[in-house]
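Single-structure report; data block below.
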Amino acid sequence: MLLHRLARVSQEVAATSARSRKTALLAELFRDAEAEDVPIVIPYLAGRLPQGRIGVGWKVLGRPVAPAGEPSLTVRDVDARLSQLAQVSGPGSQAERTRLVGELMGAATGDEQRFLLGLLTGEVRQGALDAVAVEGLAQATGAPGADVRRAVMLAGSLQTVAEALLADGPAALERFRLTVGRPVLPMLAHSASSVAEAVDKLGACAVEEKLDGIRVQVHRDGGTVRLYTRTLDDITDRLPEVTAAALELRGERFILDGEVISFDADGRPRSFQETAGRVGSRTDVATAARAVPVSPVFFDVLSVDGHDLLDLPFAERHAELARLVPEPMRVRRTLVSGPDETHTAEQFLADTIGRGHEGVVAKSLDAPYSAGRRGASWLKVKPVHTLDLVVLAAEWGHGRRTGKLSNLHLAARTADGGLAMLGKTFKGMTDAMLTWQTERLRQLAVDDDGHVVTVRPELVVEIAYDGLQRSTRYPAGVTLRFARVIRYREDKRPEDADTVETLLAAHPEVKP
DNA sequence: TTCCGACAGTGGGGTCGCAAT
DNA sequence: ATTGCGACCCCACTATCGGAA
């Protein structure tokens, strides 16, 4: 199949807003793909490369290349070239990658170049990624959508399921069962603004501490242990102490879900930055492990001794977990019967925060494990802090925010009467706010370099954030975690904005 | 008819490893 | 030795579609 066809379909998908139409367009393309093209066409139309990320970003892409006049590239050509590109490493590799990308782009028409650019940068922006591709695949093969979705979650890969499905038809879905050693997409949580709201929605539930670490899925089959992240990367080699802990457990074959986190000598959780840095260390694991040892803390079990527990209610899964994993290696929790016991849950949240953790997750006791879904049966609750900050500048947005000033530069007042930038945010704005702030900030503009519009520091905005973290980038030595706009405070003047001093005082555990 | 669940988009900061400078 | 880039951890929030209620 020609790449040209994919580029055309992608454009058409982007141009339609109806999801049903997007699905139909993808299904038609999938039906027409030859068997050898399927493992390429499906990920491409889901906005990903079958090779995963291959070390090509904006810099490596380099300058635009004159497009070819006539389409000639096949998808298999492109795939072969990108596989070659992914292999390039060592000195001179960046230039070589740039050369290979240039060669590929030069063989592509304008439409194809735009499509490839999206694929290589991971930003196809056609309003359809995995979910729509899965639905399209179901439609193309006549398999029930729910069955295809489930198979993809269990396989952890759309591509694998697509190949099997197109080769052997709907019966192939039977093959995708929960298997120890094959990671499944983890279940995710929604947010609730308070414990009361969460308990109100869920009724009887478990309220568990939420640890600020790295999600981990632990597979043990006898003496073999494998560890996977939320996106199913294999991180076994980086966390030997987690492997050792898994081997200490009583069961022989199981899949556990939990969090990896580092505790200091006093048993307090280290900052997310420290834990994440440790988990990211690959070159000298032994040294990293001595400096920042990590522990697994589990909250769910998906499989024990060959039994698939995914469809069991959480209460039953947890009973299995308690049999398998000793209490210190499980998250702390409390059971709440319903809204009458909201107070218990609130007390538990307060205790959890007191122990230095992030917040809590309320979990319905009768819900199954919805692999790969952001189920409404898990609700996280974290304390939210707010600040009044001054807008220093704003950046021109992209995509649907093109022509709008989007990303705000935020500052707090300093002791000497100046302003210290604390970070940026693009979150929390409605379309109406975007329109309003674009207009207002343009009135205050003193400079526009085409990317950043600098303004007179007169506008005050109320910002919500989850916490403070150390920063080498910003002048106060700290930055806000997950900052988002709540509202503009036109009733306030810059002199009324919060100061760095009060911010630091509110987070004594963070040292700039 | 209205409500709400699921998705995609729009980007944020930090850290590590590697290549370039 | 330092700097810059890309990958990958963490993530919030809004708009929209389309099925559920």
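The chains referred to below are lettered A, B, ... by the order of the sequence lines, with proteins before strands, and numbering in each begins at 1.
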If you look at every strand shown and take non-hydrogen atoms under 4.0 Å, does [X] touch a base, only sugar-phosphate, or nothing?
X: A:G90; value: sugar-phosphate
X: A:K59; value: sugar-phosphate
X: A:A464; value: nothing
X: A:V132; value: sugar-phosphate
X: A:R19; value: base
X: A:A18; value: sugar-phosphate
X: A:S17; value: sugar-phosphate
X: A:T425; value: nothing
X: A:L468; value: nothing
X: A:A276; value: nothing
X: A:K382; value: sugar-phosphate
X: A:V56; value: sugar-phosphate
X: A:D212; value: nothing
X: A:K380; value: sugar-phosphate

Whole Å only: how far is the [atom1] atom of [X] from the [atom2] atom of [N]?
X: A:N407; N: B:dG9; atom1: CG; atom2: P; result: 18 Å
X: A:F426; N: B:dA8; atom1: CZ; atom2: C1'; result: 13 Å
X: A:R373; N: B:dC4; atom1: CZ; atom2: C1'; result: 14 Å
X: A:M421; N: B:dG12; atom1: CE; atom2: P; result: 10 Å
X: A:R53; N: B:dC18; atom1: CZ; atom2: C1'; result: 16 Å
X: A:R473; N: B:dG12; atom1: CZ; atom2: P; result: 9 Å
X: A:Q437; N: B:dT10; atom1: CD; atom2: C1'; result: 13 Å
X: A:F482; N: B:dG14; atom1: CZ; atom2: P; result: 12 Å

Provide the start and end nucleotides, 5' to 3', of the part of DNA chain C that has atoms under 4.0 Å from heavy atoms of chain A. C:dC5 to C:dG18
Take A:V391 and A:L444, measure what side chain to side chain contact (heavy atoms under 4.5 Å, CB included) needs, and give me the verdict at the end. CA-CA 10 Å; A:V391 179; A:L444 297 173; over 6 Å; no
Taking the side chain as C-beta and beyond, is there a heavy-atom pair between A:V384 and A:R484 under 4.5 Å? yes
Closest-nucleotide mapping onto DNA chain B: is A:L422 or A:D130 further toward the 5' terminus? I mean the 5' end. A:D130
Taking for each residue the nucleotide of DNA chain B bearing the nearest heavy atom, is the 5' side occupied by A:Q94 or by A:L480? A:L480
Please check if any side-chain donor atom of A:E209 sits under 3.5 Å from a side-chain acceptor atom of A:T352, or the reverse.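 No - no donor-acceptor pair under 3.5 Å links their side chains.
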Any side-chain N or O of [X] below 4.0 angstrom from OP1/OP2 of [N]?
X: A:H190; N: B:dG5; answer: no
X: A:T479; N: B:dG12; answer: no
X: A:R481; N: B:dG12; answer: no
X: A:R149; N: B:dA6; answer: no

Salt bridge (charged side-chain N to carboxylate O under 4.0 Å, His left out) filter on A:E439, not counting sequence neighbours, yields none
Which comes earlier along DNA chain C counting from the 5' end, the contact point of A:I235 or that of A:S191, where each point is its nearest nucleotide?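 Whichever sits nearer the 5' end wins; that is A:I235.
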Relative to the 5' end of DNA chain C, which residue comes earlier, A:G428 or A:I54, by the nucleotide with the nearest heavy atom? A:I54
Identified side chain to side chain contact (heavy atoms under 4.5 Å, CB included) counterpart of A:M433 within the set A:D431, A:T435, A:T430: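 Among the candidates, only A:T430 passes.
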Residues A:D212 and A:R481 bridged, charged N to O under 4.0 Å: yes
Do the side chains of A:E509 and A:R268 get close enough for a salt bridge, i.e. N-O under 4.0 angstrom? no
Nearest non-hydrogen partners of A:L422 and A:A476, listed with the distance: CD2-CB, 4.3 Å
Between A:T23 (side chain only) and A:R19 (backbone N and O only), is there a donor and an acceptor less than 3.5 Å apart? yes
Does A:D366 reach the main-chain N or O of A:P313 with its side chain, forming a donor-acceptor pair under 3.5 Å?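 Answer holds: no.
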Could you check whether the rings of A:F299 and A:W378 sit parallel, tilted or perpendicular, using 30° and 60° as the cut-offs? perpendicular
Axial cation check for A:F482 ring with A:K382, 6.0 Å and 45° limits: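 A:K382 over A:F482 ring: no.
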Under the rule of Watson-Crick or G-U wobble with both distances under 3.5 Å, where | means paired to another strand and [ ] a crossing pair, DNA chain C maps to ||||||||||||||.||||||
